[in-house]
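Comments concern the structure below.
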Amino acid sequence: MKKYFLGLIILLFSLNFSYANLNYKSIEEIKSLNYELFQEIGFDENKMNFVSRVIYSTYKKAQHMSSEGASPQKAISLDKEAEKMLLRVLSKAELKRFNSLKHKLK
């Protein structure tokens with residue numbers, strides 16, 4: 001159980017800092033950079049827009065948290081919040097596929 005939490009914390013911090021280092025300028029930029037990936041997953045235009053908004057908001061929150069010196073608990077809550085937002089539009093299968101391909105996001 002400790003290995004799971006340690007792995008989760010390391011993953012979240014790496015996601016946090018990777019989002020913070022991407023320097024997205026807009027939601028449309030995220031969508032255009034990842035359009036082929038979104039099509040591969042099978043997202044329609046509405047899902048692409050929603051996922052791009054979630055990525056952008058998570059990026060902005062991660063950027064703010066890293067500048068404030070975030071704790072691991074905040075990083076975990078940020079990831080859970082993003083997953084809840086994604087589940088509003090995506091099915092569990094789509095979310096699972098998205099998470100498996102998340103490392104390809106630009």
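These figures come from a predicted structure and were not determined experimentally.
Applying the side chain to side chain contact (heavy atoms under 4.5 Å, CB included) criterion to Leu86, with sequence neighbours excluded, gives Val51, Val54, Leu90, Leu95, Phe98. The side chain to side chain donor-acceptor pair (under 3.5 Å) search around Glu40 returns none, not counting sequence neighbours.
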Does the side chain to side chain contact (heavy atoms under 4.5 Å, CB included) test come out yes or no for Ser26 and Lys31, once each step is laid out?
-> CA-CA 9 Å; Ser26 71; Lys31 184 179 169 186; over 6 Å; no
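Sorted by first and then second residue, the salt bridge (Lys or Arg N to Asp or Glu O under 4.0 Å) pairs involving residues 84-94 (not counting sequence neighbours) are Lys47-Glu94.
Taken to the nearest 0.5 Å, the CD atom of Gln39 stands 11.5 Å off from the CG atom of Asn34.
Scanning all heavy atoms of the two residues, the minimum distance from Ser52 to Phe38 falls at OG-CE1, 3.5 Å. Summarising the geometry of Tyr35 relative to Met48, their closest heavy-atom pair is CE1-SD, 3.4 Å, with the distance given to 0.1 Å.
Crowding of Arg97 atom CZ: a count of heavy atoms from other residues, nucleotides or ligands under 6.0 Å exceeding 12.
Using a 4.5 Å cut-off on side-chain heavy atoms (C-beta onward), Lys96 and Ser91 make no contact.
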